Amino acid sequence: MRLSRLVPVLAAGALLAATTSPALAQSDPEQAVVEGVGTTTGALTLLGLDAGDLLSIDLLSDAGSANIDEDLGPRRAAAQIAALALESPAAGVSQVLPLLSAESTGAPDERSQAVTPIDNPVVSGAIAPLQLSALVDDAGATSLLSAGLADLDVLSGILTIAGTTLDLGSTALVGDAAGSRGIDLDALTVLDLEALLATLGIPLTDLPLDTLLGLLDGLGLLGQLEGLLAPLGLDIDGLSVDAIVDLVDGLVGELDLLLGQLDQVDALVEEIIALEDLQAALQADSGSCDTLGDLDDLLGGGDTLTELCSDVTGTLASITNQLTTLTAQLDALPDPTELTALVDDLLDQVRGALEAPLDLLSGQALLSLEGLDVTVLTKATDDVATSVADVTGTFGSLQVGELPVLGTLNLTAPTADLNGLLAQAEGLVGGVLGEISPALADLVSIRTMQETTSVEEVAGSVVSSAAFSGLEVEVLPVLGELTGLLDGLGGTDSLGAILEGLDLPLPTSGAPEVLELNALLAPITGGLPLLGALEEGLGLQVATLSQQSTFTPVAAQAPATPAAPAAPAAPAPVLPRTGSDDGLLLALAGAAVLAALGGRHLVRRNGSDA
């Protein structure tokens, strides 16, 4: 757990100790706590996917609260989380994990859940152990929650998350109300290219070679082809799309020539064998001539079988001459064994040159983010000046393919700067998809991030609010263009057609979950793939957090009228001190309670990290 995530818990502990012990609270007038009542509420969703009626996913959605303002309801602390809600009624796919919650109006309530695997045609991964706690006592109300996620994969790479931890807390104490919600996301891949095209019904093998190479170039991957092609003995003069296309065209042309020669050799050998068989049959029994049905076809010349058999001796001479001619032609061609070796070597080179772009594009992300660490923090006290509303954290390196868009950026940077970089990433993604068809250039929209904070006084209460809306990606509907686009793919110039024409196997298609979902939805979508059937497109949202804390100071009571001074009493005898100061004990006890809560939370969090 980061130290910043401990701040609400540690602050709550300090306030609890101070307010529980009047002696300590009054020892330093400058640090005296203004008592009051307050409430804190917060919510978080790690991932939301909306594909209309066809598919919806909400992952790790939390709500937490703490309240000691009885005008708003009973003193209460609560933490709850819905780990997964996945629904696709059209495809008959559903997985909803039960809501886990801890709630207290007095006694502590602690709940936990072990690692929960997720495995269905849409999502795979695991929910890390969940830990929730809630407590209400004289000091106030506190709720805590920690959760995590491991190796999430949505639709074969439409979205993947390497690992995530969540730390959430809400407090409503006699001195303030505060809350914190934090997400630490290791690595995020949005829109795997192969998976995205599968939702459109476009296998990579339906694309022409120059289009595939254009995709590699747009993703900054073209240079990696050299390392894949060099072991095949291929020397590319100038690594560019045109140079590689020319190289492959040359290989295919050379291969066609060799295959033609090999076919010619096979045909000559077959014809020679057939003539030798006829020759042997006539020499053994000339009377069988009229039963040799292939004789006139092999010798040709317009002679019928009857004419050929009327002069068997002449026919045998014609066969001998034909064999001499065919043997000379065969001798002029390369040795069949050597020719086969040359063909096999060229086939390996062509197959390697054609499959190398597929190898690089398979599993390649259009957009990836290396780390997102964000915390929203609110604290409301009796004074706007000492209250806090903040969004902190870092936005890791952002890439389109292998092209860097930005390095690590502090989220305190101007929102306009960050959104400008996201717009640049959107343009790069559009350029890549535009290689396939201009109709796809505007397929992906990367929406702007938003963060808001405010601290204000409302009707005698201080209200502190903070919210963060993370990365939003929308894949727009393509209903009008998709049919025409699909009709124009998979032609004779496609990679698949070239491989099939050379009797080479097609590589196994990727994105199996997408293809499975397409098949499941086919009866409802009229055979259209997932994105082809969406009237409003597909929306992805990662990391949405909000927090609000409200604190209302308790009005000071009017001072009582002083009573007449009493007569001085006789001084009590001073005895040796053998007991302990009750106020100090109470303070230590309060500090111990909060230290235990914070320590337990820290241990759990570290356990989750491990």
Side-chain angles (χ1 to χ4, degrees), residues 192-194 197-198 202-270 329-365 401-402 432 435-436 488-511:
D192 170 280
L193 177 64
E194 194 170 22
L197 294 181
I202 303 174
L204 287 175
T205 50
D206 274 3
L207 301 177
L209 176 61
D210 58 348
T211 299
L212 291 171
L213 294 173
L215 293 176
L216 290 176
D217 196 19
L219 293 168
L221 295 167
L222 195 62
Q224 296 185 24
L225 271 182
E226 190 168 15
L228 295 176
L229 299 180
L232 300 173
L234 301 175
D235 182 19
I236 303 174
D237 184 17
L239 197 64
S240 67
V241 172
D242 290 341
I244 297 172
V245 170
D246 290 344
L247 171 70
V248 174
D249 285 347
L251 288 174
V252 172
E254 187 177 351
L255 184 58
D256 285 342
L257 178 62
L258 289 177
L259 288 172
Q261 290 178 330
L262 192 58
D263 288 343
Q264 190 177 357
V265 168
D266 290 341
L268 287 172
V269 170
E270 185 178 336
Q329 292 176 359
L330 182 61
D331 290 341
L333 291 172
D335 179 83
T337 302
E338 295 178 0
L339 195 59
T340 300
L342 288 173
V343 168
D344 288 344
D345 183 57
L346 263 180
L347 279 173
D348 287 341
Q349 291 183 334
V350 170
R351 180 170 53 219
L354 292 176
E355 292 182 357
L358 295 177
D359 291 340
L360 287 176
L361 289 172
S362 180
Q364 176 60 51
E402 294 297 313
V432 170
E435 290 286 338
I436 301 172
L489 298 174
T492 56
D493 62 341
S494 69
L495 201 67
I498 296 174
L499 289 170
E500 288 180 343
L502 297 173
D503 290 327
L504 293 172
L506 285 176
T508 303
S509 177

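Since we're looking at a predicted model, the values are computed, not measured.
- Considering L215, D246, L213 as possible partners of V241, the one that fulfils the side-chain contact (heavy atoms from CB on, under 4.5 Å) test is L213.
- With contacts defined as side-chain heavy-atom distances shorter than 4.5 Å, the pair V269/V265 qualifies.
- The CG atom of D206 lies 10.0 Å from the CG atom of L495; values are rounded to the nearest 0.5 Å.
- Of all the heavy atoms in T492 and A497, the pair that sits closest is O-CB, 3.6 Å.
- With rounding to the nearest 0.5 angstrom, the CG atom of L222 is 4.5 Å from the CD1 atom of I244.
- Between L225 and P357, the shortest heavy-atom distance links the atoms CD2-N, 3.9 Å.
- Closest of all the heavy-atom pairs between P505 and L499 is O-CD1, 4.2 Å.
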For this session: Evaluate the side-chain hydrogen bond (donor to acceptor under 3.5 Å, both in side chains) criterion for residues S362 and E194: first the C-alpha distance (whole Å), next the side-chain angles of each, then the deciding distance (0.1 Å), finally the verdict.
Result: CA-CA 6 Å; S362 180; E194 194 170 22; 2.8 Å; yes

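- In terms of heavy-atom proximity, V248 sits nearest to A353 at CG2-CB, 3.8 Å.
- Q364 meets the side-chain contact (heavy atoms from CB on, under 4.5 Å) test with L219, L221, E402; sequence neighbours excluded.
- The heavy-atom pair separating R351 from L504 by the smallest distance is NH1-CD2, 3.3 Å.
- Minimum heavy-atom separation, T205 to P507: CG2-CD, 4.2 Å.
- The shortest side-chain heavy-atom distance between D335 and T340 does not fall under the 4.5 Å cut-off.
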Under 3.5 Å, sequence neighbours excluded: what are the donor-acceptor pairs made by side chains of residues 257-264?
none

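- I498 meets the side-chain contact (heavy atoms from CB on, under 4.5 Å) test with L354, L502; sequence neighbours excluded.
- We find the CG-CG distance between L360 and L204 to be 11.5 Å, quoted to the nearest 0.5 Å.
- The CG atom of L212 lies 6.0 Å from the CG atom of L358; values are rounded to the nearest 0.5 Å.
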